[in-house]
Each structure stands twice: as C-alpha cells, then as structure tokens.
Amino acid sequence: MEESHAWLTGKQLAEMLRQEDFQWIWGVLSAFPTTVSPEAVLRFPLPDGENGAAYWYNPIAFLHPLAEVEFGAFDSSCTVFLGKSAPLMEDISRLYPLAEDLEESTRPKENGGS
C-alpha cells in the first residue's frame, strides 16, 4: 500500500492478513457498510493517527462519520477498536479480556473530597 489510503473489501483484507506478516504501527482502519461508496467516504477528511483526539475524550467518536467499525493504531503502543454493533463489541471484549472501555477510562474522575 503505497498511498495514504486504500479501499479493500473485507475478503481482501482477510486474505492480506492471512498472507502477510506485518506490524501495524500507526494508522486507522475504517470499515463501511457495502452501501457506502469510495466517493462518499472521500467527501470527508480521511482518519489518521494525527487526528485521533476523538478517541480520548468523552463522548468517544468515530474519526470517519460514515464508519461502522474503526481500528486505530497509535505508535504500536495502543490499539483502539470502535464498533456500532453491540454484539460485535461483546465479541471483542471476550476475545480481548484485558481491553479497557474507552468511555469508562476517559470519563472524568469525580473528586471524592475528604
């Protein structure tokens, strides 16, 4: 992938992941419904690691407004997963039991007072 962005089907991505041995260091993978065209996606700024602030403050937001799922990798030290499907998020939580809920971890802590 030589460009700043690529358009792959889910099958193409799955095949690439099966065949390639690589580390994803910095970037955002946004998944769109099959009804959304590349032209519609390109009407908005493309997500990248530099504009990932929407992940770190409540309310948590997708970096691309048409995305249904997003994976964000930040300097290979943190990976963020967002999904609009509750069953999908439950599956991810089961697969990665050490994963943290972003909304919970970015919620301002209440001052307990003394």
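Just so we're clear, the structure is a prediction, and the values are computed from it rather than from any experiment.
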Student: Look up atom NZ in K11 and atom CG in L13, then write down how far apart they are to the nearest 0.5 Å.
Tutor: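 Interatomic distance, K11 NZ to L13 CG, rounded to 0.5 Å: 13.5 Å.
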
Student: Closest heavy-atom contact between W7 and P38?
Tutor: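 Scanning both residues completely, I find the closest heavy atoms to be CE2-CG, 3.5 Å.
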
Student: Got Y55 and C78 here, is their nearest side-chain heavy-atom distance under 4.5 Å?
Tutor: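 When only atoms from C-beta onward are counted, C78 and Y55 do not touch, as no gap falls below 4.5 Å.
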
Student: How about CD on Q12, more than 12 heavy atoms from neighbouring residues, nucleotides or ligands closer than 6.0 Å, or not?
Tutor: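 Enclosed.
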
Student: Under 3.5 Å, which donor-acceptor pairs link side chains of residues 91-98 to any protein atom two or more places apart or in another chain?
Tutor:
from, atom 1, to, atom 2, distance (Å)
D91, OD1, R94, NH2, 2.4
S93, OG, M89, O, 3.1

Student: Would you compute the distance between atom CG of L8 and atom CG of L29 and round it to the nearest 0.5 angstrom?
Tutor: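 Going from the CG atom of L8 to the CG atom of L29 covers 8.0 Å.
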
Student: Under the rule for ring pair (Phe, Tyr, Trp, His ring centres under 6.0 Å), what residues qualify as partners of Y57, not counting sequence neighbours?
Tutor: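 Once residues adjacent in sequence are excluded, Y57 has no partner under the ring pair (Phe, Tyr, Trp, His ring centres under 6.0 Å) criterion.
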
Student: In Å and rounded to the nearest 0.5 Å, what is the NE2 to CG distance from H5 to L42?
Tutor: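 Going from the NE2 atom of H5 to the CG atom of L42 covers 5.0 Å.
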
Student: Using side-chain heavy atoms (C-beta onward) and a distance below 4.5 Å, is V80 in contact with E70?
Tutor: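 V80 vs E70: side chains apart.
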
Student: A side-chain contact here means heavy atoms from C-beta on lying under 4.5 Å apart; do L82 and L63 qualify?
Tutor: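 No, side chains not in contact.
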
Student: Any side-chain heavy-atom pair from V28 and H64 closer than 4.5 angstrom?
Tutor: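 No, too far: nothing below the 4.5 Å cut-off.
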
